Enquirer: 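Just passing along the structure, written as structure tokens.
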Amino acid sequence: MKKICIKTPLGNTIIEGDEAGISTIRVLDDDVSNGNTNTHDIPATLMDCSIQLQEYFKGERTEFNLKLNPSGTSFQKKVWQSLQEIPYGNTISYLDLSKRLGDVKAIRAVASANGKNPLWIVVPCHRVIGTDGSLTGYAGGIWRKKWLLDHENPPSQQSLF
């Protein structure tokens, strides 16, 4: 398993994986050294992920096209797959996500799986909000969730004329 660290507007981000795919993407609150100085040793999947994340932050990318290989239960993977179907700039409630997965009573299990998402931004768990529109729970911190949602939905500039 290889890893690289990239700087993003929301903090240093660790991308881990190998040729089988990206296994984790996580943002950190502290500074971390890359540890990989020889880019020839970094699998193409990690480099591609790094490029696509940078494009996302520049506002040049709204969808990711990456080979993913997260570890999780079959239920978690089902939830994470459903998260990838939430379009850029849109949100869905935990209740609606549970309904979409076919079991409204599974809302807590869906929320738990959402919170264990190992693929920050690429599997857009930040697009899941409370039924009342509140920005509930986010492993990276509510301020990051708000930033990501604002990034995907910048306020419209009002015309003065």
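Count residues from 1 along the sequence. Small disclaimer: the values here were computed from a predicted structure and weren't measured.
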Enquirer: Is there side-chain contact between V27 and N12, with heavy atoms separated by less than 4.5 Å?
Expert: no
Enquirer: Which is it for D18 and K67 under the salt bridge (charged side-chain N to carboxylate O under 4.0 Å, His left out) test, yes or no, and what are the steps along the way?
Expert: CA-CA 10 Å; D18 52 30; K67 188 175 182 181; over 6 Å; no
Enquirer: Are C49 and I25 packed together at the side-chain level, in the sense that at least one heavy-atom pair is separated by less than 4.5 angstrom?
Expert: yes
Enquirer: Which pair of heavy atoms, one from V110 and one from L97, lies closest together, and at what distance?
Expert: CG1-CD2, 3.5 Å
Enquirer: Are any non-hydrogen side-chain atoms of L10 and W120 less than 4.5 angstrom apart?
Expert: yes
Enquirer: Using every non-hydrogen atom in the two residues, find where F57 and L148 come nearest and quote the distance to one decimal.
Expert: CE2-CD2, 4.3 Å
Enquirer: Please determine, by modelled atom types, if Y56 and E152 share a side-chain donor-acceptor pair under 3.5 angstrom.
Expert: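 Present: a donor and an acceptor within the cut-off.
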Enquirer: What I'd like to find out is whether the side chain of D103 reaches to under 4.5 Å of the side chain of S98, using heavy atoms alone.
Expert: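 A side-chain contact under 4.5 Å is absent here.
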Enquirer: Heavy-atom count around K77 NZ within 6.0 Å, excluding the residue itself: above 12?
Expert: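 Yes, the 6.0 Å shell around NZ holds more than 12 heavy atoms from other groups.
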Enquirer: Could you go step by step and tell me if Q76 and K116 meet the side-chain contact (heavy atoms from CB on, under 4.5 Å) rule?
Expert: CA-CA 8 Å; Q76 288 170 333; K116 292 179 178 154; 3.4 Å; yes
Enquirer: Of the non-hydrogen atoms in L101 and S82, which two are nearest, and what is the gap between them?
Expert: CD2-CB, 3.8 Å
Enquirer: Begin from the C-alpha positions of N90 and R127 and carry the test side-chain contact (heavy atoms from CB on, under 4.5 Å) through to its verdict.
Expert: CA-CA 7 Å; N90 290 283; R127 296 180 188 151; 5.7 Å; no
Enquirer: Check the side chains of S23 and E16 for a donor-acceptor pair under 3.5 angstrom, ignoring hydrogens and angles.
Expert: no
Enquirer: State which residue, out of I121, T8, D48, fulfils the side chain to side chain contact (heavy atoms under 4.5 Å, CB included) condition with L53.
Expert: I121
Enquirer: Looking at residues at least two apart in the chain, or sitting in another chain, which of them share a side-chain hydrogen bond (donor to acceptor under 3.5 Å, both in side chains) with E55?
Expert: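 E55: side-chain hydrogen bond (donor to acceptor under 3.5 Å, both in side chains) contacts with R61.
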Enquirer: To the nearest 0.5 Å, tell me how far H126 NE2 sits from N114 CG.
Expert: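 These two atoms lie 10.5 Å from each other.
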Enquirer: More than 12 foreign heavy atoms under 6.0 Å from CD of E63: is that the case here?
Expert: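 Incorrect, the count does not exceed 12.
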Enquirer: Side chains of R26 and T13, heavy atoms from C-beta outward: is any pair under 4.5 Å?
Expert: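 No, their side chains stay 4.5 Å or more apart.
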Enquirer: Got a sec, which residues hit side chain to side chain contact (heavy atoms under 4.5 Å, CB included) with D96, two or more places apart in sequence or on another chain?
Expert: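 So D96 forms a side chain to side chain contact (heavy atoms under 4.5 Å, CB included) with I92, S93, K99.
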Enquirer: How about I42 and K2: do any of their side-chain heavy atoms sit closer than 4.5 Å?
Expert: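 The answer is no; the side chains never approach within 4.5 Å.
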Enquirer: Should I51 and L119 be counted in the same cluster of Ile, Leu, Val, Met, Phe, Trp and Tyr side chains packed under 4.5 Å apart?
Expert: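 They do not share one cluster, since no chain of ILVMFWY contacts under 4.5 Å joins I51 to L119.
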Enquirer: Would you say that I22 contacts I15 through its side chain, given a criterion of any heavy-atom pair below 4.5 Å between the two side chains?
Expert: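 The answer is yes, as the side chains (C-beta and beyond) meet within the 4.5 Å cut-off.
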Enquirer: Can you see which heavy atom on L83 is nearest to which on P124, and at what distance?
Expert: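 The pair with the smallest heavy-atom distance is O-CG, 3.3 Å.
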Enquirer: Side chain to side chain contact (heavy atoms under 4.5 Å, CB included) with S71: which residues, sequence neighbours excluded?
Expert: none
Enquirer: Between D150 and K145, does at least one N-O distance fall below 4.0 Å, as a salt bridge requires?
Expert: no
Enquirer: Decide yes or no on side-chain contact (heavy atoms from CB on, under 4.5 Å) for L68 and Q81, but give the supporting numbers first.
Expert: CA-CA 11 Å; L68 304 177; Q81 180 60 46; over 6 Å; no
Enquirer: Within the structure provided, determine whether R100 and E85 are in side-chain contact (heavy-atom separation under 4.5 Å).
Expert: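 Side chain of R100 against side chain of E85, heavy atoms only: contact under 4.5 Å found.
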Enquirer: How far apart are the closest heavy atoms of Y138 and C125, and which atoms are they?
Expert: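 It is CE1-SG, 3.9 Å.
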Enquirer: Using the side-chain contact (heavy atoms from CB on, under 4.5 Å) rule, take Y94 and T131 through it: C-alpha gap first, then chi angles, then the decisive distance, then the call.
Expert: CA-CA 7 Å; Y94 290 98; T131 304; 5.9 Å; no
Enquirer: Of all heavy-atom pairs between Q52 and L66, which one has the smallest distance, and what is that distance?
Expert: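 Result for this residue pair: NE2-CD2, 3.4 Å.
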